[in-house]
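Presented below is the structure to which this report refers.
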There are 2 protein chains.
Amino acid sequence: MEEGTSKSPSNCASTVDYGDADPFQWDTREDCQVRQILDRIADKWSLLVIALLENRRLRFTELRREIDGVSQRMLTVTLRSLERDGLVKRTVHPVVPPRVEYELTSLGRTLHTTIQSLVTWTEEHQAEIAHARTAYDTRAAEAAETTAS
Amino acid sequence: MEEGTSKSPSNCASTVDYGDADPFQWDTREDCQVRQILDRIADKWSLLVIALLENRRLRFTELRREIDGVSQRMLTVTLRSLERDGLVKRTVHPVVPPRVEYELTSLGRTLHTTIQSLVTWTEEHQAEIAHARTAYDTRAAEAAETTAS
DNA sequence: CTGTATCCATTAGGATACTG
DNA sequence: CAGTATCCTAATGGATACAG
């Protein structure tokens with residue numbers, strides 16, 4: 001089984017009281033809890049899973065069908081992580097064939113607003129970003145042209 | 001140079017009008033713009049860089065010193081991505097030794113609120129998550145114990 | 001100082017086969 | 001159905017050396 005978060009937990013910044021000045025001085029140390037958790041919830045599939053479960057509880061296969069491109073392995077790994085972090089609850093119904101359902105915990109549900117704002121920002125600004133990329137690539141191509149001459 | 005985002009841009013969900021019902025039906029397709037952008041800004045270093053630049057413009061070396069554990073290569077790669085996405089502006093002062101400064105663009109600054117809410121959530125709930133992990137690991141260990149007997 | 005280029009180790013993650 | 005186990009490839013990212 002793959003294990004993450006096995007380094008020093010070093011509960012950085014936990015005792016720091018953020019007033020209203022410099023609200024952005026969160027710890028940049030590598031072993032910071034905040035960093036680890038961000039990495040976890042911002043990974044390739046977690047956001048998607050949380051988003052889908054926000055609406056309703058889903059079975060393993062339903063999740064797999066909804067999320068385009070996820071492998072069985074990665075869906076399992078992702079769900080285990082989320083369960084371990086207390087964001088998702090896993091319920092096994094003792095029937096055959098087995099029926100396993102996933103749903104958000106109350107902790108998981110508190111993430112909704114936050115994730116939503118991130119998704120909304122991305123949706124609202126994707127055109128700008130696409131434009132910036134095109135502009136950048138054009139400039140880069142021209143610079144290469146000049147150099148090559 | 002490493003290049004990301006080279007697949008089909010497929011401007012998913014851009015024409016969808018989100019009312020107030022089902023605000024979470026964002027596209028789960030792999031080639032979705034939103035997914036790509038989220039992956040980008042949620043990567044290992046981007047959040048950190050944006051966070052630091054929120055306060056003030058910084059030179060390359062200053063960033064490197066502030067961000068514990070980042071290699072020269074990854075800082076460069078990250079900064080280039082952010083520049084390409086129009087989130088960060090790079091200014092080269094033609095002096096020797098060279099002096100290069102990075103600052104957020106207005107687009108980059110609009111990300112601040114969003115990122116802040118994510119960081120705040122993480123800070124507020126890191127204790128809960130740590131607790132959940134411990135509980136999960138304990139249960140897992142006990143289960144392994146039982147199986148082994 | 002601010003990079004780029006190269007090499008290499010680690011990890012993420014897909015494909016497949018098998019199990020309760 | 002809902003996984004686990006194994007194998008293997010691709011991508012991430014660090015270390016180092018070198019250049020403008």
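Note that the structure is a prediction, hence the values are computed from the model and not measured. The basis for the numbers below is simple: all heavy atoms, side chains too, and nothing from hydrogens, waters or symmetry mates.
- Atom-to-atom, CG of L75(A) to C1' of dT4(D) comes out at 14 Å; the value is rounded to the nearest Å.
- Taking atom CE of M74(A) as the reference point, atom P of dA11(D) lies 15 Å away to the nearest angstrom.
- H93(B) has its NE2 atom 16 Å from the C1' atom of dG3(C), to the nearest Å.
- In this view, T113(B) satisfies the side-chain contact (heavy atoms from CB on, under 4.5 Å) rule with no residue, not counting sequence neighbours.
- For R90(B), the side-chain contact (heavy atoms from CB on, under 4.5 Å) partners at least two apart in sequence or on another chain are R80(B), E83(B), V92(B), V100(B), Y102(B).
- R57(A) meets the side-chain contact (heavy atoms from CB on, under 4.5 Å) test with T91(A), E101(A), E103(A); sequence neighbours excluded.
- Each of dC1(C), dT4(C), dA2(D) was ranked by its minimum atom distance to the side chain of T61(A); first place goes to dA2(D).
- Scored by the side-chain hydrogen bond (donor to acceptor under 3.5 Å, both in side chains) test, S46(B) finds D43(B) as partners (sequence neighbours excluded).
- The interatomic distance linking E101(B) (CD) with dG3(C) (P) rounds to 12 Å, in whole Å.
- Comparing dG14(D), dG3(D), dT4(C) by their nearest atom to the side chain of R80(A) picks out dG3(D).
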Checklist outcome for this item: Under a 4.0 Å heavy-atom criterion, the protein footprint on nucleotides 15-20 of chain D, written with B, S and -, is B-B--B
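- When the side-chain contact (heavy atoms from CB on, under 4.5 Å) test is applied to T110(A), the partners found at least two apart in sequence or on another chain are L107(A), W121(B), H125(B).
- Taking the charged nitrogens against the carboxylate oxygens, R99(B) and E62(B) have no contact shorter than 4.0 Å, which rules out a salt bridge.
- For dA2(D), the OP1/OP2 oxygens have no side-chain nitrogen or oxygen of R90(A) closer than 4.0 Å.
- Between Y102(A) and dC1(D) there is no side-chain polar atom (N or O) within less than 4.0 angstrom of OP1 or OP2.
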